[in-house]
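Heads up: the structure comes next, in structure tokens.
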Amino acid sequence: MSFTWGPATGVGSLPGDDAREAAKTVTGSFDDFPFLPELPARGPGADMIGRTAGMLVELYARVEPSGWRIGDRPGRDTKRARSWLGQDLDALEEFTQGYEGPLKVQAVGPWTLAAALELRGGEAALSDLGACRDLAGSLAEGLRTHLDEVRRRVPGAQIVLQLDEPSLIAVLRGQVKSASGYRTHRAVDRQRVEATLRDVVGVHTEGPVVVHSCAPDVPFALLRRAGAAAVSFDFSSLTERDDDVIGEAVEGGTRLFAGVVPGTDGPLSDPAGSVMGVRTLWRRLGLHPGLLAEAVTVTPSCGLAGASPEYARRALAHCARAARSLADNPE
């Protein structure tokens with residue numbers, strides 16, 4: 001599959017509640033790799049779990065005091081989630097007229113969704129492997145519909161699907177807390193985790209899939225085996241013990257979405273300074289500097305929902321400048 005990645009993009013969430021302003025910011029910041037913004041400040045249904053729950057097919061969720069819970073029929077919360085997603089797509093379509101190139105859309109992956117969505121009794125879907133299977137199947141169908149809709153609205157786009165899996169490590173290690181909070185759910189077998197991810201990744205047959213997690217110890221090898229073409233992560237969470245898996249990933253053609261710009265307000269270094277760690281990693285791995293621009297997309301370390309609007313705009317522009325610095329001066 002011939003595909004040209006963009007040098008920089010965002011993770012997904014932004015502050016504020018104005019879909020048009022968000023789409024304008026994103027397309028203005030990344031004219032060669034925009035993404036569909038998420039605006040969780042609007043409330044339940046605009047958050048990452050509610051937004052993805054609204055995409056499910058023949059499964060519905062509603063907001064309870066404890067979080068999102070699977071119900072029998074689409075209610076107010078499902079309708080609100082779908083309405084906001086429609087507004088976001090309207091805004092993106094407006095600001096991508098005539099656009100051709102990579103375009104990223106995000107949804108929560110099957111294991112983080114299973115850890116977050118409650119069954120009718122109040123326990124996480126993760127507690128029931130049959131429910132996990134049904135949830136992954138419903139998500140896969142919902143993603144097919146969503147991707148078709150994005151293709152219809154932005155016909156020149158090469159769509160990149162990002163699956164957000166911040167809870168994946170907790171699922172693998174048995175660290176997801178039960179409803180009572182006094183115990184944790186049993187760790188899910190790695191092969192089952194990988195197979196389910198592979199099924200959902202396989203939905204996107206017309207473009208690459210990137211899996212995002214800003215938690216430490218991202219399982220690069222598992223994600224690659226599951227079919228992820230790229231892995232998105234918080235660069236500051238890497239340690240030298242990750243060197244081997246990072247080197248194998250790059251040499252195997254996996255793209256790195258390096259989260260090097262802080263996701264919350266604070267001083268920004270010069271663009272070259274932001275990617276200094278990436279250059280250092282490259283030297284440590286003995287990789288050719290010329291590979292850098294071909295293998296790395298620069299992003300914030302995580303979503304920007306917790307940032308101020310002014311900082312979020314600066315952070316996105318900073319990612320684009322840092323990526324240019326990496327391409328111009330790979331050494």
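Quick caveat, the model's predicted, so the values are computed rather than measured.
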Problem - Donor-acceptor pair between Thr25 and Arg313 side chains, under 3.5 angstrom - result: no

Problem - Single-linkage hydrophobic cluster Phe233~Val296, side-chain heavy atoms < 4.5 angstrom - result: yes

Handout entry: Closest approach of Ile159 to Pro208 (non-hydrogen atoms, all atoms of both residues)
Key = O-CD, 3.9 Å

Handout entry: Partners meeting side-chain contact (heavy atoms from CB on, under 4.5 Å) with Arg69 (sequence neighbours left out)
Key = Arg62, Glu64, Ser66, Glu118

Practice task
Measure the shortest side-chain to side-chain distance between Pro216 and Ile169 over non-hydrogen atoms and say whether it is less than 4.5 angstrom.
Solution key: no

Completion exercise
Those residues at least two apart in sequence (or on a different chain) that pass side-chain contact (heavy atoms from CB on, under 4.5 Å) with Glu94 are Arg20

Exercise for the section: Measure the shortest side-chain to side-chain distance between Arg279 and Leu292 over non-hydrogen atoms and say whether it is less than 4.5 angstrom. Expected result: yes

Exercise for the section: Output yes when a side-chain donor or acceptor of Ser127 lies under 3.5 Å from a complementary backbone atom of Ala124, and no otherwise. Expected result: yes

Practice task
Spell out, as yes or no, whether a donor-acceptor pair under 3.5 Å connects the side chain of Asp265 to the backbone of Ala307.
Solution key: no

Handout entry: Thr297 side-chain N/O to Gly6 backbone N/O, donor-acceptor pair under 3.5 Å
Key = yes

Handout entry: Donor-acceptor under 3.5 Å (Thr96 side chain, Leu92 main chain)
Key = yes

Handout entry: Side-chain donor/acceptor of Ser13 to backbone N/O of Ala305, under 3.5 Å
Key = yes

Exercise for the section: Hey, can you tell me if Trp5 and Phe257 have their rings parallel, tilted or perpendicular (30° and 60° cut-offs)? Expected result: perpendicular

Problem - Side-chain (Arg173) to main-chain (Ala187) donor-acceptor, under 3.5 angstrom - result: no

Problem - same_hphob_cluster(Val210, Val260) at 4.5 Å side-chain heavy-atom cutoff - result: no

Problem - pair Pro102-Tyr99: side-chain heavy atoms closer than 4.5 Å - result: yes

Practice task
Determine yes or no for a side-chain-to-main-chain donor-acceptor pair under 3.5 angstrom, with Gln175 supplying the side chain and Thr184 the backbone.
Solution key: no

Problem - By salt bridge (charged side-chain N to carboxylate O under 4.0 Å, His left out) - contacts of Arg42 (at least two apart) - result: Asp88

Practice task
Check whether any side-chain heavy atom of His204 lies under 4.5 Å from a side-chain heavy atom of Arg144, and answer yes or no.
Solution key: no

Handout entry: Counterpart residues, salt bridge (charged side-chain N to carboxylate O under 4.0 Å, His left out), relative to Glu93 (two or more places apart)
Key = Arg153

Fill in the blank from the handout: Distance col, row Met55:CE vs Ser138:OG, nearest 0.5 angstrom, shows 11.5 Å

Problem - Sole residue of Val108, Val11, Thr9 in side-chain contact (heavy atoms from CB on, under 4.5 Å) with Gln162 - result: Val11

Exercise for the section: Determine the minimum heavy-atom distance between Gly252 and Arg224, stating which atoms define it. Expected result: CA-NH2, 3.7 Å

Practice task
Can you establish whether the number of heavy atoms outside Arg284 located under 6.0 Å from its atom CZ is more than 12?
Solution key: yes

Practice task
Carefully, step by step, assess Leu139 and Val203 under the rule side-chain contact (heavy atoms from CB on, under 4.5 Å).
Solution key: CA-CA 10 Å; Leu139 174 62; Val203 162; over 6 Å; no

Handout entry: Cluster check Leu287, Leu326: I/L/V/M/F/W/Y, side chain < 4.5 angstrom
Key = yes

Problem - Asp217 side, atom CG; Ser237 side, atom OG - distance, nearest 0.5 Å - result: 7.5 Å

Completion exercise
Interatomic distance, NE2@His146 vs OG1@Thr52, rounded to 0.5 Å, equals 8.5 Å

Problem - Backbone of Pro271 reached by a side-chain donor or acceptor of Arg321 within 3.5 Å - result: no

Practice task
Locate the shortest heavy-atom distance separating Pro110 from Val200; write the atom from each residue and the value.
Solution key: CG-CG2, 3.8 Å

Handout entry: Side chain proximity check, His318 to Val298, heavy atoms < 4.5 angstrom
Key = no

Handout entry: Ala46 backbone acceptor or donor facing Arg80 side chain under 3.5 Å
Key = no

Practice task
State plainly whether the residues Glu123 and Arg183 are in salt-bridge range, i.e. N to O under 4.0 Å.
Solution key: yes

Exercise for the section: State whether the number of non-hydrogen atoms from other residues, nucleotides or ligands found under 6.0 Å of Glu310 atom CD is greater than 12. Expected result: yes

Practice task
Test Leu281 against Phe235 for side-chain contact (heavy atoms from CB on, under 4.5 Å), laying out the working first.
Solution key: CA-CA 10 Å; Leu281 171 68; Phe235 192 84; 3.9 Å; yes

Practice task
May I ask you to test the Gln106-His212 pair for a side-chain heavy-atom distance under 4.5 Å?
Solution key: no

Exercise for the section: Give the cluster check for Leu56 versus Leu161: same hydrophobic cluster or not, with ILVMFWY residues linked at side-chain heavy-atom distances below 4.5 Å. Expected result: yes

Practice task
Compare all side-chain heavy atoms of Leu89 with those of Val154 and state whether any distance is below 4.5 angstrom.
Solution key: no

Exercise for the section: Using the side-chain contact (heavy atoms from CB on, under 4.5 Å) rule, take Thr112 and Val171 through it: C-alpha gap first, then chi angles, then the decisive distance, then the call. Expected result: CA-CA 8 Å; Thr112 296; Val171 168; over 6 Å; no

Practice task
Would you mind reporting whether Leu222 and Arg190 have side-chain heavy atoms less than 4.5 Å apart?
Solution key: yes

Practice task
Identify the heavy atoms of Gly263 and Leu304 that sit nearest to each other, and give their distance.
Solution key: O-CD2, 3.4 Å

Practice task
Using the side-chain contact (heavy atoms from CB on, under 4.5 Å) rule, take Phe35 and Val105 through it: C-alpha gap first, then chi angles, then the decisive distance, then the call.
Solution key: CA-CA 6 Å; Phe35 62 97; Val105 299; over 6 Å; no

Practice task
I would like to know whether His185 and Ser178 meet side chain to side chain donor-acceptor pair (under 3.5 Å); could you show each step before the answer?
Solution key: CA-CA 6 Å; His185 294 291; Ser178 65; 5.6 Å; no

Completion exercise
To the nearest 0.5 Å, atom CH2 of Trp282 lies from atom CG of Leu291 at 6.5 Å

Exercise for the section: Look up atom CG in Leu36 and atom CG in Leu85, then write down how far apart they are to the nearest 0.5 Å. Expected result: 6.5 Å

Handout entry: Residue pair Trp68, Tyr60: steps toward the ring-ring contact (aromatic ring centres under 6.0 Å, His included) verdict
Key = CA-CA 10 Å; Trp68 284 90; Tyr60 310 103; over 10 Å; no

Handout entry: Euclidean distance, Arg82 CZ relative to Thr78 OG1, rounded to 0.5 Å
Key = 6.0 Å

Problem - Smallest separation among heavy atoms of Leu39 and Ala22, with atom names - result: CD2-CB, 3.9 Å

Exercise for the section: State whether the number of non-hydrogen atoms from other residues, nucleotides or ligands found under 6.0 Å of Arg186 atom CZ is greater than 12. Expected result: no

Handout entry: Set of side-chain contact (heavy atoms from CB on, under 4.5 Å) partners for Ser213, sequence neighbours left out
Key = Ala215, Val218

Exercise for the section: Check whether more than 12 heavy atoms from other residues, nucleotides or ligands sit under 6.0 Å from atom CZ of Arg73, and answer yes or no. Expected result: no

Problem - Whether Ser83 side chain and Lys79 backbone form a donor-acceptor pair below 3.5 Å - result: no

Fill in the blank from the handout: Closest non-hydrogen atoms of Phe3 and Gln158, given as atom of the first, atom of the second and distance, are CE1-CB, 3.4 Å

What pairs of donor and acceptor atoms, side-chain ones from residues 128-135 against any protein atom, are under 3.5 angstrom apart with sequence neighbours left out?
unit_1, atom_1, unit_2, atom_2, d
Asp128, OD1, Gly130, N, 2.8
Asp128, OD1, Ala131, N, 3.1

